[in-house]
Amino acid sequence: MPDGSGSSSSIPLRQDALGTLKASEATLFIATPIHPKSEAHADKVFGRVLRPGVGGWTREAALAEADAVVLRAGTIREPDLLIAPKVRIVARNGTGYDSVDLPGCVSRGVVVTNVPGGNAEAVAEIALALALAVTRRVAELDARIRSGELVRSITALCPGLLGRTVGLVGMGDIAYAAARMFSAFNCKIIVYSPTSPASRWVKPDERYPVPLAHERVDSLDALLGRAHVVSLHCPLTPATRGMIGPRELALMLPDAVLINTSRGAMVDEDALVAALREGRIGGAGLDVTAVEPAYGDNLAKFAGLRNVVVLPHVGASTDAAQEYGCNAAIDICADYLEGRGARNRVA
Ligand SMILES: O=CC(=O)O
């Protein structure tokens with residue numbers, strides 16, 4: 001994963017070729033709707049804000065005019081870049097940037113940025129919510145009583161979360177926030193990351209003034225063999241795509257629960273469904289699926305599985321996270337166009 005210090009590409013940046021531009025005279029393209037307060041912020045900062053489907057603008061026409069793009073949901077791919085000759089920056093509100101064609105941007109001198117950490121607490125909350133929902137059978141029992149079934153409490157026994165071992169894969173801001181939250185349930189935190197330095201896990205920060213008790217394990221296999229909850233918190237890269245497949249599922253404890261709030265493609269869903277159907281693991285909580293949106297046929301494979309809770313990729317969808325992250329992406333675009341550099345640059 002890039003370190004955020006910018007790429008060393010020899011391709012000249014569009015910004016350098018075109019010179020700086022006042023945001024108040026520039027055009028911002030907001031690719032998909034963002035938090036209403038951030039929509040208003042964009043209108044204040046930029047001279048013109050274009051939104052597909054608003055004021056007669058199509059996505060194509062707006063891209064052709066835009067100097068900068070703010071991306072929340074959706075993607076910016078090669079065909080978009082081909083029709084966006086003026087775009088100098090794509091600013092993603094979010095941690096992941098797999099939705100942006102990075103090589104395509106780099107080859108055109110377009111800078112890409114993200115907002116790391118801006119939604120860490122929000123995503124961690126959803127990881128915790130999913131872990132509770134699955135280990136306490138919340139969604140299953142709700143669905144059963146609503147369908148008219150009389151459920152006696154003695155038939156609803158479950159392992160619960162208190163004191164269990166939570167294995168976090170990844171050591172970024174989201175994993176850190178998740179570790180703090182799971183710690184409140186007296187969980188033992190074990191973490192595995194092939195790449196991350198662990199500095200902030202031992203140095204308290206202002207939000208968590210005591211060092212975070214955790215044990216770092218040196219392989220994914222070691223984590224899978226011990227964790228009652230396995231929670232994924234790494235970016236989707238060629239190395240992490242399909243990282244949880246049949247072999248890894250077979251290494252998990254028989255009552256273990258898999259939580260994925262990162263990217264669906266990190267899990268081999270067919271192997272996961274087979275493991276769940278055969279009762280080889282305890283359950284799964286998925287905020288992300290291989291094919292999104294989680295709707296209609298995309299969800300068919302999970303039909304009838306009571307031990308799975310699926311959400312429509314809402315980890316980052318709190319008011320606070322969205323307003324903060326979208327405002328940050330807008331400000332990053334303005335700063336960059338006006339010559340103050342590209343904060344959180346990933347390409
Ligand atoms: O999915 C959400 C993000 O990338 O922040």
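Just so you know, ligand 1 is whichever comes first in the structure, and atom 1 is the first atom listed for that ligand. Values below: every heavy atom of this structure, side chains too, minus hydrogens, waters and symmetry copies. Index from 1, following the sequence.
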Handout entry: Contact (N/O only, under 3.5 Å) between His313 and ligand 1
Key =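 Yes, there is a polar N/O contact under 3.5 Å.
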
Exercise for the section: Consider every N or O of Arg263 and every N or O of ligand 1, then say whether any pair is closer than 3.5 Å. Expected result: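 Right, the criterion is met.
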
Problem - Pairs satisfying side-chain hydrogen bond (donor to acceptor under 3.5 Å, both in side chains), at least one member in residues 266-276, at least two apart - result: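 The answer is Glu269-Lys301.
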
Exercise for the section: Answer yes or no: does atom CZ of Arg241 have more than 12 heavy-atom neighbours from other residues, nucleotides or ligands under 6.0 Å? Expected result: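 No, the 6.0 Å shell around CZ holds no more than 12 heavy atoms from other groups.
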
Practice task
Considering the heavy atoms of Asn119, write down every atom of ligand 1 situated less than 4.0 Å from one of them.
Solution key: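 Here the atoms of ligand 1 in question are 3 (C), 5 (O).
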
Exercise for the section: Below 4.0 angstrom from a heavy atom of Gly94, which ligand 1 atoms are there? Numbered from 1 as shown, please. Expected result: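 What qualifies from ligand 1 is 3 (C), 5 (O).
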
Exercise for the section: Kindly work out whether a path of hydrophobic side-chain contacts (I/L/V/M/F/W/Y, heavy atoms less than 4.5 Å apart) joins Tyr192 to Leu224. Expected result: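 Linked, Tyr192 and Leu224 end up in one cluster.
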
Handout entry: Test side-chain contact (heavy atoms from CB on, under 4.5 Å) applied to Ala316 - qualifying residues, sequence neighbours left out
Key =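 Arg72, Asn119, Val123, Gln322.
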
